[in-house]
Chemist: 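Please read through the structure below; I'll follow up with questions.
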Number of protein chains: 2
Amino acid sequence: MNLKTLSEHLGLSPTTVSRALNGYSDVARETRERVERAASELGYRPNANAKRLATGRSSIIGVSFPTGRNMLVDPHFIDFLAGLSEEAAALDHDILISAIKDDVGEAYKRMAAKGTVDALVLLGLHLNNDVLELMQGLKLPFIVHGRIPSDFAYAYLDIDNHGALVQATRLMLQLGHTRIANLDGPVNQSFSKARAEGWREALQGAGITPEPAYLRHGQMTEENGYIFARELMALPTPPTALICSSVIMASGVYRACRELGLSIGSDVSVMAHDDDLPLFYPERMDPPLTVTRSPIRAAGCEMARMVINLINGASIQDCQQVWPVDLIFRASTAPPISKPGSAVGGAEKNS
Amino acid sequence: MNLKTLSEHLGLSPTTVSRALNGYSDVARETRERVERAASELGYRPNANAKRLATGRSSIIGVSFPTGRNMLVDPHFIDFLAGLSEEAAALDHDILISAIKDDVGEAYKRMAAKGTVDALVLLGLHLNNDVLELMQGLKLPFIVHGRIPSDFAYAYLDIDNHGALVQATRLMLQLGHTRIANLDGPVNQSFSKARAEGWREALQGAGITPEPAYLRHGQMTEENGYIFARELMALPTPPTALICSSVIMASGVYRACRELGLSIGSDVSVMAHDDDLPLFYPERMDPPLTVTRSPIRAAGCEMARMVINLINGASIQDCQQVWPVDLIFRASTAPPISKPGSAVGGAEKNS
DNA sequence: CTGAAAGCGCTTACAG
DNA sequence: CTGAAAGCGCTTACAG
């Protein structure tokens with residue numbers, strides 16, 4: 001069943017049928033209804049590829065990432081994708097996932113030239129990545145999850161990573177901690193850098209010199225949380241407060257503390273940034289985990305809307321958002337306890 | 001840069017350029033090389049939508065699932081998808097993810113009629129699902145992950161779920177257990193049914209009547225593992241061996257046992273089916289977890305190959321596979337210990 | 001070995 | 001309000 005057949009069946013021209021189906025206003029009401037009825041009865045669906053060729057639009061949004069570090073194993077990425085695809089579906093768009101084998105830049109050029117997708121969602125961009133310049137040169141609209149330094153404007157949605165760590169660090173400071181560690185994400189990711197800077201500035205604002213040994217970078221896995229915590233607690237002067245970049249990391253920290261016989265929420269305070277991932281529930285941890293929070297899935301939803309706006313001609317300036325994060329206080333954070341032999345304590349908290 | 005421009009640039013007809021680029025044998029070697037060089041120098045990429053319209057093929061494989069139970073939160077699904085997209089990319093195909101809002105059948109019909117995808121990969125099918133009959137009526141090739149009862153042949157890849165539970169149950173029996181529980185997946189999924197049957201048959205083969213209270217069905221989450229274990233251990237005659245449908249579930253069982261003061265590998269034996277998910281490492285659990293194992297990611301890879309074969313005209317009979325599972329013995333399984341007051345023990349194991 | 005021509009199934013100025 | 005015609009950018013019998 002194609003347009004020609006349908007129009008012959010109706011005794012109308014393909015032109016009119018097409019216009020009726022696409023909601024043009026200059027079609028007689030009666031004609032439109034007749035066409036719509038016939039189309040639905042006969043199960044007519046316009047051939048997507050013909051439509052794409054004729055209009056130059058595919059209603060497909062591309063999401064690509066290098067095969068090497070396959071992001072499909074990262075729950076953060078997945079949950080983002082869940083939000084993106086759900087909202088895209090609600091807006092009649094599909095998501096094309098393309099795992100790129102080798103040269104990312106080359107792959108982007110290819111996608112742009114082939115015309116399979118109307119826009120690209122860029123994820124997990126590294127700092128000092130030339131991919132923005134490259135995309136700038138292509139005619140393909142794109143939006144970035146996160147922000148990286150650039151000479152020109154581009155569409156993005158980011159959370160306030162800097163502010164998250166400022167909030168987290170200040171909370172620890174207010175509780176009386178001075179030895180505050182930051183178990184941060186990968187060193188080459190912009191969100192990790194922003195978080196490290198927030199941590200540094202909050203400490204300096206309180207007159208404390210950030211201790212380099214208290215800043216650790218790495219993939220946000222349970223394993224790394226465990227390793228970092230073990231190493232930090234083995235320092236001559238271990239931190240009393242640990243801020244983790246993810247709840248998954250924090251669960252590794254919890255494991256390390258259990259092994260070391262450290263009581264979380266008294267011997268040591270722990271908090272994390274919570275992307276609200278399914279399967280990881282900070283409120284159910286023992287003790288419940290204090291977090292800064294911003295659902296990554298909601299970011300995916302919003303980015304679907306934004307990228308579709310972009311395709312429809314929205315200005316780049318209207319497609320730039322930075323989301324604040326919430327701070328949710330739970331039992332994993334408390335004033336430090338002063339132990340015999342500990343150089344810095346929370347004496348003022350005992351008054 | 002389109003075919004017309006390129007061919008004018010070369011002083012050839014679009015026909016010849018197209019044939020040269022698509023590897024037809026009846027193009028002069030010299031011509032082909034000249035065309036290929038120009039195409040790559042000028043960065044020519046055939047417009048995908050035009051190509052699709054002309055050939056009727058999109059090189060896109062569709063994966064769809066209902067929005068409601070968003071499978072993107074399920075690590076099993078994700079890892080499968082990772083394998084699928086990686087292998088598809090290696091074979092020059094893309095993956096289109098389509099989260100279906102309402103009527104699945106309607107959505108399939110739509111996809112088939114629109115021509116966006118060359119084939120569909122069907123996942124998480126329920127028992128008594130009419131989707132197979134529906135797909136049969138469409139001209140769109142499809143392949144199923146898993147098997148469900150059907151009157152006609154269709155392409156599928158499945159693991160031997162029945163055999164997995166037979167193996168697992170027999171292992172427990174050989175160790176001397178008689179009270180063996182099965183913490184199974186959702187009741188309406190065919191793999192759960194196959195596993196339940198394997199469990200039942202292995203027990204009956206050993207002359208033991210399966211205890212209905214020892215069979216539990218539910219989503220394979222940590223939470224459910226925990227709940228099921230708590231409930232099972234609270235029975236008047238609790239099981240001494242627990243077989244879980246996933247490592248995630250087993251981690252919930254571990255948590256329950258810790259809380260109950262039960263030592264895994266002595267007070268109670270635990271094993272699970274291991275889909276080899278990232279982030280869940282049975283060998284690192286404490287104690288290391290005995291598993292039946294079949295990487296779900298590998299299944300995704302193989303299904304990409306199979307579905308592309310199917311598109312290229314392979315017979316359905318050549319696109320049917322059932323994979324055996326490995327049994328990996330670790331410290332979480334051991335003979336039961338006979339306690340005072342326990343009705344059934346492993347006395348013969350102490351000889 | 002190469003090219004002119006038709007066709008894939010739509011959309012969209014344009015004319016009436 | 002409706003229709004004839006051109007065009008989107010490819011592929012592919014077919015003829016030579």
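For the numbers below, each heavy atom of this structure counts, side chains included, while hydrogens, waters and symmetry mates do not. Proteins get letters first, then strands, A, B, ... in listed order; numbering begins at 1 in each.
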Chemist: Students should find this one: the first and last nucleotides of DNA chain C, 5' to 3', lying under 4.0 Å from a heavy atom of chain B. What are they?
Modeler: C/dC1 to C/dG9

Chemist: Let's go through A/N22 and A/K51 carefully: what are the C-alpha distance in whole Å and the side-chain angles of both, what is the deciding distance for side chain to side chain contact (heavy atoms under 4.5 Å, CB included) to 0.1 Å, and is it a yes or a no?
Modeler: CA-CA 11 Å; A/N22 287 303; A/K51 195 164 191 165; 3.6 Å; yes

Chemist: Describe the nucleic acid contact of A/N49 in one word from base, sugar-phosphate, nothing, applying a heavy-atom distance below 4.0 Å.
Modeler: nothing

Chemist: Tell me whether the centres of the aromatic rings in A/H145 and A/Y156 are closer together than 6.0 Å.
Modeler: no

Chemist: Nearest-nucleotide wise, let me know which of B/R32 and B/L53 is further upstream toward the 5' end of DNA chain C.
Modeler: B/R32

Chemist: Apply the test side chain to side chain contact (heavy atoms under 4.5 Å, CB included) to residues B/I95 and B/I60: give CA-CA distance (whole Å), side-chain angles for both, the deciding distance (0.1 Å), then the verdict.
Modeler: CA-CA 6 Å; B/I95 298 294; B/I60 300 181; over 6 Å; no

Chemist: Check the surroundings of atom CD in A/Q317: do more than 12 heavy atoms from other residues, nucleotides or ligands lie under 6.0 Å from it?
Modeler: yes

Chemist: Which part of the nucleic acid, if any, lies within contact of B/N2, taking any heavy atom under 4.0 Å across all strands shown: a base, the sugar-phosphate backbone alone, or nothing?
Modeler: sugar-phosphate

Chemist: Could B/R297 and B/D276 be called an ion pair, given the rule that one side-chain N must be under 4.0 Å from one carboxylate O?
Modeler: no

Chemist: Is any NZ, NE, NH1 or NH2 atom of the basic residue among A/R19 and A/E36 found under 4.0 Å from an Asp or Glu carboxylate oxygen of the other?
Modeler: no

Chemist: Would you indicate what A/T55 reaches in the nucleic acid, counting non-hydrogen atoms under 4.0 angstrom: base, sugar-phosphate, or nothing?
Modeler: sugar-phosphate

Chemist: State whether B/E33 and B/R29 are salt-bridged, where the test is any N-O pair (Lys NZ or Arg NE/NH1/NH2 against Asp/Glu carboxylate O) under 4.0 Å.
Modeler: yes

Chemist: Taking any heavy-atom pair under 4.0 Å as a contact, classify B/N47: base, sugar-phosphate, or nothing.
Modeler: sugar-phosphate

Chemist: B/K114: what forms a salt bridge (Lys or Arg N to Asp or Glu O under 4.0 Å) with it, not counting sequence neighbours?
Modeler: none

Chemist: For Watson-Crick and G-U wobble pairs within 3.5 Å on both distances, what is DNA chain C written in dot-bracket notation, | included for inter-strand pairing?
Modeler: |||.||||||||.|||

